[in-house]
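Accompanying notes for the structure given below.
The chains referred to below are lettered A, B, ... by the order of the sequence lines, with proteins before strands, and numbering in each begins at 1. Every heavy atom of this structure was used, including side-chain atoms; hydrogens, water molecules and symmetry mates were not.
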Amino acid sequence: MVHRYQPREIENKWQERWDTDHLYEVGESSNLPKFYALTMLPYTSGDLHIGHWYAMAPSDVYARFKRMQGFNVLHPMGFDAFGLPAENAAIKHGIHPYEWTINNIEKMRRQLKSMGAIYDWNREVISCHPEYYKWTQWFFLKFYQAGLAYRAKAPVNWCPNCKTVLANEQVVGGNLCERCGTEVNKKDLEQWFLKITQYAEELLDFSDLIWPEKIKTMQKNWIGKSEGAEISFGLECEGLEQKEIKVFTTRPDTIFGVTFFLLAPENSLVPQLTTPDHQEEVAEYISWCRRQADYMRTSMDREKTGAFLGSYAINKLNGEKVPIWITDYVLPSYGTGAVMGVPAHDERDFEFARKFHLPIRPVIALPEHAGNEVLQAYDGQGIMINSGEFNGLSSERGYEAVCDLIEKRGFGKRTVTYRLRDWLISRQRYWGAPIPVVYCPKCGTVPVPEEDLPVLLPPNAEFRPTGESPLKYCPEFVNTTCPICSGPAQRETDTLDTFMCSSWYYLRYSSTRADAGPFDIQKLKYWLPVDLYTGGAEHAVMHLFYSRFFIKAMRDIDRNLINFDEPFKRLFNQGIIAYHGGKMSKSKGNVIAPDKYVSTMGADTVRAYLMFIGPWELGGGWSDRGIRGISRWLNRVWNLVENGYSPDVVDEKAKKELTHIIHKTIKKTGEDMENLRFNTMLACLMEFTNHLSKVQEDRNVPDDLWQEAIKCLLLLLAPTAPHITEELWSRRNYKYSIHNQPWPKFDARLAEEEQITLAIQINGKLRDKVLVPASIREAEATELVWERTKIKSYTKGKEILKTIYVPGRVVNIVIK
RNA sequence: GCCGGGGUGGCGGAAUGGUAGACGCGGCGGACUUAAAAUCCGCUUCUCGAAAGAGAGUGUGGGUUCGAGUCCCACCCCCGGCACCA
């Protein structure tokens, strides 16, 4: 009786063996070319669900493939270990965030190990360990010294439920907290920022990156570059020193269409520009704005609101006085916080003018424009009218002409504006890396000296949902001495945004234990940049964007430290695994736990099934029936190999066919692997097994060819199903380990088809098929076609217009 | 509204402008079995037909081409992201 496939048993056995043999430990001394394959590090939520497997298993398969192809492969794993849930658990269940996190890590590590990946656990990175966050703080100091970190009072997004500040990116659906869905409001706080805007232009350059178009577009939109001009308007207001005010516009060519001037309600000039007779109305409007939920402001389908200040601005190009209004659709944080109102050519200004009965003057004419009333804003190009000396110019030329004029006369200049804001890194929370800064009554803001790092989190903080960092109420932490004057001083009690931790972890993997710096420079130079980075698309504008900034900024701070421009050369986003029609989520209760499938069908089956569902980038639906198909297949592979083979009469044709299929399969699986097309790769391996089953029954190829085929099947399957292949490999007494074997090579000539089915079409419709040698030439092929009785009957009595021959594919006869 | 990605059998999905539906699931039929499960073999896009075969067919409508799931134009629907950014 042949031994049955018992996945659980062999998986445990081999995982232990690989571990004791240090099979997957990786170093820098290899003379093989390096390959750095990285999966986005998981957050320590405590449970590895099928989504994690979907991110990690295919990525491990690719890393194993690269390894077999002869690369020295780094494929590490670690944990994003700081963050809110740990602290919420502390508040709710009284368990210390450290304990909660470490427990979760231990569980997740166990689950991860059951997957059978090639992670070198010696390189594990855990972002909440002082040996790690010491360097996160060190990076902050570097930014501070370089003038890239600053402190400013800023209105911040405040989630009243999480009691913390949220980055713009963490606010979803206009005004909702990304984590808890609560409405977010505004609060003014002293915050630390990183000057990511300084890199806006360079961050727009993706030229050397193999990234999905989608992510590049999202980042471009996030940066929101607009080219235009900054133009000064004159101010005439008694008692006001400021004599002009700037606006940013992308359409300087419409300047003659300005009929009013707009300011954000928050603009500091508003009180001075408000005339006494408008004071009441303006004050009322401003207080109304304050009462509005923040998200209302950015909802477009809302009637325009505003108030007239009573004073006027002067359009320097035509000397016109236009009324100054305030309105909440002008945002204080974009451009100059002031807008020139051109109702004829901007939809928002048009609505505003309609609402408040302000004049609408067209200055860009469509060819069909006949001076009629303007019924809607036209924001396209056209011919300039009502624009004095510019009349008759195209708007494109007018743009340049107006810019030239304002630059010549000193009214303004061409400029570029970005939507991107600086990165707010302060968090009023305990479970993060403390910002290494001390406030001294004498010396002011003082960075903690490098040699005093890390600034450790006090273990005994109290966790209360106060809305302020527990560190604030921890006197042993807060009270310190000034590094400069040694006098009493206080520590910053905010911690760093966890995106700060995840912006550099991939550097740390190069040399996890480095203690003289964040990493060993030589090792970093060997491994970085990451060759293939895979993970979810939800990190498009946060993690991926911040990491790019981090690398660029550090490169400019010290080229000896970082000597490359981009962290991730190739990026790939896997899709989402759904279950019962929807995205898996705890609240819906439709989360698939891989563990039970691993213990019954085996990790190899779960790995292969996830890859078989569909193209990796599209994701797909989990099906309990579907996974059984893969389980059956691996059982068939097991039996195929274990049942042995005894040749009977050798058939030359069968021999040739099997040889061809072996080479074709090697070719196809290799190509699919490289393109991360795992679903078709597995389909190809299934076809291969199906064919081998027939051969096994027919017993018509020689034994050595059979052995070659089996060996090949195991090698091609090894990255996908590392355990079963290792077991079968060892049972055939091949040299341990299959995972140290090279990827099989194919002979291109043998991979080619010898015989092809030629399709015969009449007027493009398939009418017949004929098996021919692949080398067939046009003359022979057409001759053959005419011998077919079917074709004869179809063409009888018809006029033959032409025949088209596509080598190896089709003969098409065009008849009338 | 704008920017991405999709729309193919009962289902997941394959198809360098050249045989649509590979591979898998499910279903049907058969073998093995006292029986069931498991396993193995065969069939399985739809319509008509006993069959041979014929016709239709890749979201909709046009177009290019000897030939379109694939290219072009217009539109519909689904998913993701962004959105009063001047």
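- Residue Asn679(A) places no side-chain N or O under 4.0 Å from the OP1 or OP2 atom of G24(B).
- When distances are taken from the side chain of Arg302(A) to each of C84(B), A86(B), U19(B), the shortest belongs to C84(B).
- Contact check, Asn573(A) against G5(B): no side-chain N or O comes under 4.0 Å of OP1 or OP2.
- Straight-line distance from the CD atom of Glu213(A) to the P atom of G6(B): 12 Å, rounded to whole Å.
- Taking atom C1' in both A22(B) and U45(B), one finds a spacing of 14 Å when rounded to whole Å.
- The pair Arg628(A)-Asp624(A) does not meet the salt-bridge criterion, since no charged nitrogen lies less than 4.0 angstrom from a carboxylate oxygen.
- Nearest nucleotide to the Leu766(A) side chain, out of A56(B), U19(B), A86(B): U19(B).
- Both Ile630(A) and Asp672(A) lie close to RNA chain B; mapped to their nearest nucleotides by heavy-atom distance, the more 5′-ward contact belongs to Asp672(A).
- The partner of U70(B), taking Watson-Crick or G-U wobble pairs whose two distances both stay under 3.5 Å, does not exist in any strand shown.
- The gap from the C1' atom of G7(B) to that of G53(B) amounts to 33 Å, rounded to the nearest Å.
- You'll find that the side chain of Thr680(A) is closest to A15(B), out of A86(B), A15(B), C23(B).
- Contact between the side-chain N/O atoms of Arg677(A) and the OP1/OP2 oxygens of A15(B) is found at a separation under 4.0 Å.
- Across all strands shown, G49(B) has no partner, as no Watson-Crick or G-U wobble contact with both distances under 3.5 Å is found.
- Ring pair Phe356(A)/Trp325(A) is tilted by interplanar angle, where 30° to 60° counts as tilted.
- Residue-level contact check: Gly629(A) touches the backbone only, with heavy atoms under 4.0 Å from sugar-phosphate atoms and none from bases.
- Under 3.5 Å, the side chain of Lys220(A) and the base of C3(B) form no donor-acceptor pair of N or O atoms.
- Straight-line distance from the CG atom of Leu618(A) to the P atom of G4(B): 17 Å, rounded to whole Å.
- Across the C1' atoms, G69(B) and U16(B) are found 14 Å apart, a figure rounded to whole Å.
- Sequence order on RNA chain B of the closest nucleotides to Arg419(A) and Lys790(A) puts Lys790(A) first from the 5' end.
- Taking the six-membered ring for Trp and thresholds of 30 and 60 degrees, Phe352(A) and Tyr329(A) have ring planes more than 60 degrees apart, a perpendicular arrangement.
- Between U19(B) and A15(B), the two C1' atoms lie 11 Å apart (nearest whole Å).
- The pairing partner recorded for A14(B) is none, the criterion being a Watson-Crick or G-U wobble arrangement whose two distances lie under 3.5 angstrom.
- Nucleotide G57(B) is matched to nothing when pairs are restricted to Watson-Crick or G-U wobble geometry with both distances under 3.5 angstrom.
- Residues Thr197(A) and Tyr418(A) have side chains that never bring a donor and an acceptor to within less than 3.5 angstrom of each other.
- Base orientation of G57(B): anti, since the glycosidic angle falls outside 90° of 0.
- Between Arg628(A) and A38(B) there is a side-chain polar atom (N or O) within less than 4.0 angstrom of OP1 or OP2.
- In the set U39(B), U16(B), G13(B), the nucleotide with an atom closest to the side chain of Arg632(A) is U39(B).
- The separation between Arg767(A) atom CZ and A52(B) atom P is 17 Å, rounded to whole Å.
- Across the C1' atoms, G57(B) and C46(B) are found 8 Å apart, a figure rounded to whole Å.
- With both pairing distances under 3.5 Å, G80(B) is matched to C3(B) as a Watson-Crick or G-U wobble pair.
- Stacking of Arg570(A) on the aromatic ring of Trp211(A) is not recorded, the 6.0 Å distance cut-off and the 45° axial limit not both being met.
- Applying the 3.5 Å distance criterion, the base of C66(B) shares a donor-acceptor pair with the side chain of Asn812(A).
- To the nearest angstrom, C1' of C66(B) lies 17 Å from CZ of Arg809(A).
- Closest to the side chain of Arg625(A), out of C25(B), C23(B), G18(B), is C25(B).
- Pair assignment for A35(B): none, as no Watson-Crick or G-U wobble contacts are both less than 3.5 Å.
- Close to C66(B), at under 4.0 Å from its OP1 or OP2, lies a side-chain N or O of Lys802(A).
- Nearest nucleotide to the Lys769(A) side chain, out of U19(B), C3(B), C66(B): U19(B).
- The side chain of Trp222(A) has C82(B) as its nearest neighbour among C23(B), A86(B), C82(B).
- Counting all heavy atoms, side chain and backbone alike, Ile326(A) lies closest to Ala264(A) at CG2-O, 4.2 Å.
- Within a 6.0 Å radius of CD in Glu754(A), no more than 12 heavy atoms belonging to other residues, nucleotides or ligands are found.
- Between the P atom of U16(B) and the CD1 atom of Ile756(A) lies a distance of 17 Å, rounded to the nearest Å.
- Distances shorter than 4.0 Å separate some side-chain N or O of Ser226(A) from OP1 or OP2 on A86(B).
- The phosphate of C23(B) has neither OP1 nor OP2 within less than 4.0 Å of any side-chain N or O from Arg636(A).
- For the pair Glu213(A) and Lys216(A), the salt-bridge criterion is met [side-chain N within less than 4.0 Å of a carboxylate O].
- Summarising the geometry, the separation between OH on Tyr805(A) and P on G67(B) is reported as 20 Å, rounded to the nearest angstrom.
- The C1' atoms of A14(B) and C3(B) are separated by 29 Å, rounded to the nearest whole Å.
- Closest approach of Arg636(A) and Asn690(A) over heavy atoms only: NH2-OD1, 3.6 Å.
- Spacing between atom CD of Glu266(A) and atom C1' of C84(B) amounts to 14 Å, rounded to whole angstrom units.
- When the C1' atom is used for both A68(B) and A20(B), the distance is 11 Å, rounded to whole Å.
- Distance CD1 (Ile613(A)) to C1' (C25(B)): 12 Å, rounded to an integer number of Å.
- Nucleotides A37(B) and C43(B), compared at atom C1', are 23 Å apart to the nearest Å.
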